[in-house]
There are 2 protein chains.
Amino acid sequence: MFAEFETFIKTHTALCDDDIKLIRSRAIEKVVRRKELLLQEGEICRYKMFVSKGLVRTFCTRDDGSEHILQFSPQNSWTTDPESFDNLTPSHCNIDALERSELILWTKSDFDYLFANIPGLKAYSEKLVARNLYLVRKRVLSNISATAEEKYDEFIKNYPDVFSRVSLHMVASYLGVSLKTLSRIRQAQLIR
Amino acid sequence: MFAEFETFIKTHTALCDDDIKLIRSRAIEKVVRRKELLLQEGEICRYKMFVSKGLVRTFCTRDDGSEHILQFSPQNSWTTDPESFDNLTPSHCNIDALERSELILWTKSDFDYLFANIPGLKAYSEKLVARNLYLVRKRVLSNISATAEEKYDEFIKNYPDVFSRVSLHMVASYLGVSLKTLSRIRQAQLIR
DNA sequence: GCAAAACGAGGACATTTGACGTCATTTTTT
DNA sequence: AAAAAATGACGTCAAATGTCCTCGTTTTGC
């Protein structure tokens, strides 16, 4: 489980083996089965998580019970509720597994410690946050400017792997359109 | 012009007068009139900008000429195209002034230098990026889960000052709905 | 391996939203 | 001060989208 992480982090940073040993010393490994919750609304998100295998989603619910997906996190990606994690405030979202998944967890104090001792990790984390911001801004732009079909096509283009592993309900919930709309778009594309 | 910035930064950080002097030594002051462009699509966004007076917007255009507003930046806020600024890549958006505005500009190398010499400024900047991410994620959630009326009400609640200074076209363009839809919502709220 | 749940298409219908044009008023520009 | 542009409401019509439903198929969980 940690092996995947080690491979990943080595391709994204120039950390030495001692650094990685230190990171490992603080890591918690966790396996979750499909549908298992990693974070529940109202809780404080105690962990920043690396998904080494599987697929995880972050979603919020509304009063009417509808679910809205903020993020998919497949293998080799990070997930957490940044606001809750950084500020130790109750989260407004949920994280659960869409497939049996393997994760590595660190608390905020783990990361504070690691950042203080591994400058390269700190730099990597900053890059990650920055790139995250670029991506979310792009998503806002897509949200406010694109048609449903454009959003659907973009999603397939940007996340082909996720697309092939989740139901259309999930895609609809991520895009902010109804399943019916996706059905119609797919039908129209079939005819062409 | 720099006076407003000094007041602002002193309330948000614990920088000393020498730090501020250093920051000032790299700053460029700029006044723009209404409608003047600060960044044009295709250019590299050379500056991170502090708006000390006025109101500025970041927007993208589509092939059909439609404009979509990513961000309003009133006095005492920061603006830039983060991706273009960080990576020195051509920007996909435009920044222009909605009112006569006064700004302070720093280049990336200015900031690199200042960050290296003023740890408190670096820490402040990181907080800013993090908070930005929280906000943009909230906006995505709103985009994909709220009705047009909810988005409209949220906007007024979150940005009352901006709301009172921009046209409904601008609000519509920020929310990703048509002006007509806003008109209808306002009409319906009047009747209640 | 089997019962239960999830999945995705599709029909019917209501609602929301957008495109386009008009118009009176206000604001901006010169 | 006058001309030009922007503003925001509104009407009409068409298109897009959502809700609720059924139905056959696939997947999941025990």
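Lettering of chains follows the sequences in order, A, B, ..., and the numbering in each one begins at 1.
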Kindly point out which of [options] is positioned nearest to the side chain of [X]?
{"X": "B/K180", "options": "C/dG18, D/dG18, C/dG8", "value": "C/dG18"}
{"X": "B/S167", "options": "C/dA9, D/dT7, C/dG10", "value": "D/dT7"}
{"X": "A/L168", "options": "D/dC10, C/dG8, C/dT17", "value": "C/dG8"}
{"X": "B/T181", "options": "C/dT17, D/dT19, C/dA9", "value": "C/dT17"}
{"X": "A/S183", "options": "C/dA9, C/dG18, D/dG18", "value": "C/dA9"}

Does the pair B/Y124 and B/V129 meet the rule for a side-chain contact (heavy atoms from CB on, under 4.5 Å), with working shown?
-> CA-CA 9 Å; B/Y124 166 71; B/V129 175; over 6 Å; no
Minimal non-hydrogen separation, B/N94 against B/E41, with atom names | OD1-N, 3.0 Å
Ring centroid separation A/F72 to A/Y174 under 6.0 Å = yes
Atom pair distance, as rounded to whole Å: [atom1] in [X] and [atom2] in [N]:
{"X": "A/I185", "N": "C/dG8", "atom1": "CD1", "atom2": "P", "value": "15 Å"}
{"X": "A/L175", "N": "D/dG18", "atom1": "CG", "atom2": "P", "value": "11 Å"}
{"X": "B/H169", "N": "D/dA9", "atom1": "NE2", "atom2": "P", "value": "10 Å"}
{"X": "B/L179", "N": "D/dA9", "atom1": "CG", "atom2": "C1'", "value": "9 Å"}
{"X": "A/E149", "N": "C/dT17", "atom1": "CD", "atom2": "C1'", "value": "18 Å"}
{"X": "B/R184", "N": "C/dA19", "atom1": "CZ", "atom2": "C1'", "value": "10 Å"}
{"X": "B/I191", "N": "D/dA9", "atom1": "CD1", "atom2": "C1'", "value": "13 Å"}
{"X": "A/M170", "N": "C/dC7", "atom1": "CE", "atom2": "C1'", "value": "11 Å"}

Check whether any side-chain N or O of A/Q187 sits under 4.0 Å from OP1 or OP2 of C/dG10, and answer yes or no.
-> yes
Quick one: is D/dG8 close enough that its OP1 or OP2 comes under 4.0 Å of any side-chain N or O from B/R186?
-> no
Under 4.5 Å between any side-chain heavy atoms of A/T80 and A/Y47, yes or no?
-> no
Just checking B/R34: base, sugar-phosphate only, or nothing, at a heavy-atom cut-off of under 4.0 Å?
-> sugar-phosphate
Please check if any side-chain donor atom of A/D86 sits under 3.5 Å from a side-chain acceptor atom of B/Y134, or the reverse.
-> yes
Could you check B/K35 against A/V166 and say which one's nearest nucleotide on DNA chain C is further toward the 5' end?
-> A/V166
